[in-house]
Participant: 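Below: one structure in structure tokens.
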Amino acid sequence: MADLTTKLGTLQLKNPVLTASGTFGYGTEHLDFMDLSRIGGIVVKGTTLRERQGNPYPRMAETPSGMLNAVGLQNKGTQYFVDHIYPNIKDYDTSIFVNVSGSTVDEYVKISEIINDLDKIPGIELNISCPNVKEGGMSFGVSCPLAAEVVKAVRKVYKKELMVKLSPNVTDIVEIAKAIEDEGADSLSVINTLLGMAVDAKSRKPILSTITGGLSGPAIKPIALRMVWQVANAVKIPVVGLGGIMNATDAIEFLLVGASAIQVGTANFIDPAISVKIVDGIDKYLDDNGFKSVSEIVGGMII
Amino acid sequence: MADLTTKLGTLQLKNPVLTASGTFGYGTEHLDFMDLSRIGGIVVKGTTLRERQGNPYPRMAETPSGMLNAVGLQNKGTQYFVDHIYPNIKDYDTSIFVNVSGSTVDEYVKISEIINDLDKIPGIELNISCPNVKEGGMSFGVSCPLAAEVVKAVRKVYKKELMVKLSPNVTDIVEIAKAIEDEGADSLSVINTLLGMAVDAKSRKPILSTITGGLSGPAIKPIALRMVWQVANAVKIPVVGLGGIMNATDAIEFLLVGASAIQVGTANFIDPAISVKIVDGIDKYLDDNGFKSVSEIVGGMII
Amino acid sequence: MKKFILDLTVVENQRLNYQYVLLKLTHKDKLPLILPGQFAQIRVDGSPETFLRRPISINFVDTERNELWLLIQVVGPGTRRMAEMKIGETLNMIVPLGNSFSAPNSLDARIALIGGGVGVAPLLMFGEWLHRFGYTCNFMIGARSKVDLLQLDELSKYGEVYTTTEDGTYGEKGFITQHSLLNTPDFDCIYTCGPTPMMKAVARYAQENNIFCEASLENMMACGFGTCLCCVTETDKGNLCVCTEGPVFNVTNLKWQI
Amino acid sequence: MKKFILDLTVVENQRLNYQYVLLKLTHKDKLPLILPGQFAQIRVDGSPETFLRRPISINFVDTERNELWLLIQVVGPGTRRMAEMKIGETLNMIVPLGNSFSAPNSLDARIALIGGGVGVAPLLMFGEWLHRFGYTCNFMIGARSKVDLLQLDELSKYGEVYTTTEDGTYGEKGFITQHSLLNTPDFDCIYTCGPTPMMKAVARYAQENNIFCEASLENMMACGFGTCLCCVTETDKGNLCVCTEGPVFNVTNLKWQI
Ligand SMILES: Cc1cc2nc3c(=O)[nH]c(=O)nc-3n(C[C@H](O)[C@H](O)[C@H](O)COP(=O)(O)OP(=O)(O)OC[C@H]3O[C@@H](n4cnc5c(N)ncnc54)[C@H](O)[C@@H]3O)c2cc1C
Ligand SMILES: Cc1cc2nc3c(=O)[nH]c(=O)nc-3n(C[C@H](O)[C@H](O)[C@H](O)COP(=O)(O)OP(=O)(O)OC[C@H]3O[C@@H](n4cnc5c(N)ncnc54)[C@H](O)[C@@H]3O)c2cc1C
Ligand SMILES: Cc1cc2nc3c(=O)[nH]c(=O)nc-3n(C[C@H](O)[C@H](O)[C@H](O)COP(=O)(O)O)c2cc1C
Ligand SMILES: Cc1cc2nc3c(=O)[nH]c(=O)nc-3n(C[C@H](O)[C@H](O)[C@H](O)COP(=O)(O)O)c2cc1C
Ligand code: FES
Ligand code: FES
């Protein structure tokens, strides 16, 4: 049994396995299948300031080794989270991150301020893939100045672990990662979904109500690995890797290329207990290969 | 039997199915398996000015529903192509495109000039995903000014069908597509491979000698479809769609979102006769659905 | 209800016709309690095109034999692979998922279970429950042609069976919503499962005649247990997940254009 | 040589030991001519992890029975699926691919076929050819342990068989390159196939003793027929494709660090 703890800035996780936002609900949906205290953390659903109904059905299309989603951040808003969800989850014996989504800098700041006051939430994950309403819909996450602006503003009001989730739909992810690091983010999660689309040749219609949606699952793993590797080599803050992780071997690959922790996303749909199995698998790998702690393999790829 | 002909600028193809550069050799390797005259065209291997040995082995990694390659443009150079390959392939009864790759604008221009003199080559495909040596390795295809510069220079010397192949590793593919259209390209092929990477957890080493490589195959189809749709809606010149096409249904999806023709890439490795089957499948689809010509379904997605 | 991830073993694979198969499965331990209308999320191994699990209704539970039945309509790679399962092979499923049909509010209620196509799947199990608890029910099953009518023998064990076929090869000719039994609208409760146009027609009939009506929806699902929020349907309470708040809905709550 | 895409039918699946299987396949038509050292590119259906075909050597061709043999070492999802093939199932392959071993230049040549692990696969077929054309050959087979020695009975039909095991459970103890037969280097031709370190040791021995030596490489392949340029090995003529210019190379042409 190796030492599985891992550090994200000031925050120590019991192990490097988190569940990804939007793919694990608030953890409650998985209680029948696993023991939440076994995993390093949970990133809960994307939370916006006000309630959102999300996009119309259909919101999902299966693709080769992956899926597209167009959920559109359906959630009941920050205040509802504070009043009705937080009380139910605050005593889980794992680190809970709130995934914060806004369409203006102001919204990001307001949500972060509110969440900052919640004792049992040690961190937030800023989801900067949402369109910036003021700048005409361009996502915060694909522009250095916009990304820097939102992180700077949130950093002022948010005092705990500030993780920022990068969009992969960019020419140069390193440039954006650095801009965000410079504004004081504590860690970076890499990557969110890739923008994709699906069409039904029979009906000649797009499958998603929104035409395009976010691609996730093993199909994107090679891209995610590359981006985590690039970012981890360019910044000093810890990187949390995700994108297509289906098992412990995949998770270990992300650790090897430089991730200090990983998130499990779409895989939760196929096996709702997979995150615990990944914890066990990493443990076994460390033992089998004579490593005493996770940190020994973080960035341990041999070139 | 519907009318399968499709037009790329001034050039008429007998049907909308081409084979993608680097995945079909010079066609000769497929003679045992199929009749080359049945397909709309062949885009031959990436051709550089001088001979290139390509990257060291290993150059390939299998990934979920896809593969990474790091061939690195191994080829014998333009003059060898003219002297030794062209004579063998010039009489194929299909449209042959040369995929032109350079690391300076000058190289692109020189190759294009040489190919322009070959009677039986009706077009070239500019592969602008190669690193620009002068600008420090950044790829021409990920920068609007660089992409525009190389297309402008080649357009001056190349008088036939000028197809430009876009890199998907960009924030805004539409912007680059428009810049290239403005410089007089006749058509755009969308997309080249996505930059990815693979690691072997057991040996803890990268699988490719170059660490990163190009991701192709069905895994990338949703991304390719989205980009073809975006580009086709933004430019007036024809778009040739590719990325993960494995069968006629996939091909039809690309036509529906706006491609005037398609290219079959990685699928050739799994079924070396697949391109002909795709021609037949498109034909059957048109018949079954009462369409008289391919052009009726190009951009025919119903929103 | 507690959900389980179980490996069930195929004990019988009965090909009903060109595109339907009845799979009977068992488990070494006692199967958990499953309510009529609930479904399972099935992992399809060995098919490169089935990344996600496939939702399939529970067709029947034979508690004596500890058997669970699935009625499969082959429409794509996932259902094809299930239909090819051999005796002794195992199928991994998350079960039971979703809500269930509600009980009629009186034992005297005149009940119609209206199904089309593979929509009969949950109705068999519900019919057996109703029968077991002393209700009387009528099955009304529509299909394109005689060959598409499924499990009529099984259904008839638990109630009267009425049928229509579009080509008139069996039962009355037409759609099931055109069946003469519906001419005099004296049902108290209607439960329906089948193609959406059929369920909408049933819902319209029920609303016009003020009849309690529940429909079991078949939205596309990624998870099946409430995390992904992909399977929503619009209701008077906003977008609700079909996998947890459904699949059974009172049609008056649905924002169907009917 | 003309290449074919064929669906072959499994007629026998013989489990040789914990990780090896011998598959015998046939075809309704006469099998094409296949040379010793050539391989097939096999499509693995029903495995979501095997997007690309898998290269497998032709182990033997029984022309009388119109059978083709594949010797499979289970190392991952593709070979596992092949090893599970049942009689009557079909395997799609592109065949024949690659070059072949070259004939020794005299019937008196003293010949060693040195194999390790699954590397014996092409040597059996080559040994049978040599035998048929009147050559005399010696098989030298190395393995970790007795259980890993494969097809010794088959090999002994066509020549003397010498073995080593690392643990000494069968034949001489040690690596095959340490076999006493090699103490007096009186071979004229050596052909080798097996793990790269073994082949390098054989190549070193051959070069030191000025012996003609061919090795069959097992590079990773995407296509198998010369289009993708993924399978290259460095040679004195630059990067050459193992699938078309190989898999058999004269070791003097290889840029091996030996
Ligand atoms: C709660 C629930 C219960 C179900 N019960 C049964 C059952 O008892 N027996 C049974 O045979 N099937 C049932 N289905 C439908 C079944 O889930 C799908 O037919 C199956 O997932 C198709 O998988 P496939 O890989 O065979 O085909 P795919 O290739 O996935 O699909 C084939 C075609 O069917 C369409 N399709 C697939 N799933 C759905 C869906 N959920 N809604 C609308 N269109 C769809 C696809 O768009 C595609 O055009 C149920 C679905 C739900 C949601
Ligand atoms: C010309 C040629 C002939 C071959 N003949 C035979 C044969 O007769 N019998 C046989 O059992 N195998 C043979 N092989 C090897 C066989 O192709 C691989 O073992 C197989 O492709 C592995 O597939 P998989 O899905 O089972 O495992 P994978 O998951 O693909 O691989 C399992 C492990 O093996 C490694 N690996 C896979 N393929 C290769 C390779 N080509 N070179 C080095 N490492 C590799 C992978 O990196 C991985 O670590 C041959 C290979 C070549 C190139
Ligand atoms: C259905 C679904 C909903 C998601 N919702 C969110 C979200 O609310 N906020 C967010 O930052 N990411 C969201 N994601 C993205 C995932 O957190 C993750 O970044 C992505 O799916 C890639 O990881 P994976 O391949 O392991 O799934 C969602 C993904 C899926 C599939
Ligand atoms: C082995 C290999 C070699 C390739 N070589 C080239 C090349 O020389 N020039 C080029 O423009 N694209 C090259 N490509 C990219 C393909 O032409 C195509 O754009 C890409 O593979 C996506 O299509 P696919 O998913 O159908 O393969 C290559 C792809 C592969 C897999
Ligand atoms: S299918 Fe995931 S929430 Fe319903
Ligand atoms: S495997 Fe493609 S060229 Fe050899």
Side-chain angles (χ1 to χ4, degrees), chain B residues 19-34 42 44-46 51-76 198 202 207-209 213-214 216-219 244 246 265-274 277, chain D residues 1-7 32 41-45 47-55 75-79 92-98 196 217-246 249 254-257:
Chain B
T19 53
S21 178
T23 67
F24 201 72
Y26 297 101
T28 31
E29 295 81 355
H30 291 254
L31 286 173
D32 278 353
F33 307 113
M34 57 178 272
I42 297 173
V44 303
K45 260 179 223 185
E51 175 168 8
R52 279 175 61 102
Q53 279 296 318
N55 294 317
Y57 179 83
R59 295 177 171 184
M60 189 275 281
E62 196 175 17
T63 68
S65 297
M67 64 174 278
L68 290 163
N69 90 80
V71 171
L73 291 169
Q74 175 174 339
N75 79 104
K76 299 219 178 255
K202 221 161 149 188
I207 297 182
L208 300 175
S209 67
S216 64
M246 298 298 286
T266 307
N268 290 304
F269 303 154
I270 292 133
D271 181 352
I274 190 68
K277 293 179 191 163
Chain D
M1 283 174 70
K2 185 164 160 66
K3 308 171 195 81
F4 299 85
I5 308 178
L6 302 177
D7 275 319
Q41 270 286 66
I42 305 213
R43 204 181 68 208
V44 184
D45 295 328
S47 168
E49 299 131 307
T50 50
F51 173 62
L52 298 167
R53 288 177 182 262
R54 297 292 189 260
V75 297
T79 47
N92 181 280
M93 61 180 74
I94 309 179
V95 71
L97 297 171
T196 308
L217 307 193
E218 289 203 355
N219 281 15
M220 308 247 260
M221 296 180 176
C223 70
F225 45 84
T227 36
C228 76
L229 306 186
C230 286
C231 63
V232 291
T233 191
E234 242 189 302
T235 73
D236 48 17
K237 287 181 214 136
N239 282 326
L240 292 186
C241 284
V242 170
C243 72
T244 47
E245 314 282 330
F249 289 90
L254 294 175
K255 298 236 165 160
W256 272 359
Q257 311 286 340

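Numbers restart at 1 for each chain; the letters A, B, ... are given by sequence-line order, proteins then strands. Keep in mind that what you see is a predicted model, and the values were worked out from it rather than measured.
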Participant: Side-chain contact, heavy-atom cut-off 4.5 Å: D/C223 with B/E29?
Facilitator: no
Participant: What distance do D/R53 atom CZ and B/D271 atom CG have between them, rounded to the nearest 0.5 Å?
Facilitator: 6.5 Å
Participant: Counting only heavy atoms not in D/K2, do more than 12 fall under 6.0 Å of its NZ?
Facilitator: yes
Participant: Out of B/T63, B/V71, B/N55, return the one with the most heavy atom pairs under 4.5 angstrom to chain D.
Facilitator: B/V71
Participant: Measure from the side-chain N and O atoms of B/E62 to the backbone N and O of D/F51, and report whether any donor-acceptor pair falls under 3.5 Å.
Facilitator: yes
Participant: Would you mind checking which part of B/I207 comes under 4.5 Å of any heavy atom in chain D, side chain (CB onward), backbone (N, CA, C, O), both or neither?
Facilitator: side chain
Participant: Main chain of D/L229, side chain of B/Q74: is a donor-acceptor contact present, judged purely on distance under 3.5 Å?
Facilitator: no
Participant: Where the side chain of D/E234 meets the backbone of B/P56, is there a donor-acceptor pair that is under 3.5 Å apart?
Facilitator: no
Participant: Considering only heavy atoms and a distance below 4.5 Å, find which of D/M221, D/R54, D/Q41 pairs most often with chain B.
Facilitator: D/R54
Participant: Measuring heavy-atom distances to chain B, does D/N92 have an atom under 4.5 Å in its side chain, in its backbone, in both, or in neither?
Facilitator: neither
Participant: Could you tell me whether the side chain of D/I94 reaches within less than 4.5 Å of the side chain of B/P272, counting heavy atoms only?
Facilitator: yes
Participant: Taking all non-hydrogen atoms of both residues, which atom of B/M67 and which atom of D/A222 are closest, and how far apart?
Facilitator: CE-CB, 3.8 Å
Participant: Could you check which of B/P64, B/G217, B/S65, B/P58 has the highest count of heavy-atom pairs closer than 4.5 Å to chain D?
Facilitator: B/S65
Participant: Could you tell me which of D/T233, D/I5, D/T244 has the largest number of non-hydrogen atom pairs under 4.5 Å with chain B?
Facilitator: D/I5
Participant: What is the minimum heavy-atom distance between B/N69 and D/C230, and which atoms define it?
Facilitator: CB-SG, 4.4 Å
Participant: Contact part of B/T28 toward chain D, heavy-atom cut-off under 4.5 Å: side chain, backbone, both or neither?
Facilitator: neither
Participant: Out of B/A61, B/A273, B/P218, return the one with the most heavy atom pairs under 4.5 angstrom to chain D.
Facilitator: B/P218
Participant: Please check this pair: side chain of D/K3 against backbone of B/F33, looking for a donor-acceptor N/O pair closer than 3.5 Å.
Facilitator: no
Participant: So how far is it from D/M220 CE to B/Y57 OH, rounded to the nearest 0.5 Å?
Facilitator: 5.5 Å
Participant: For the residue pair B/R59 and D/N239, what are the closest heavy atoms and their distance?
Facilitator: NH2-ND2, 3.1 Å
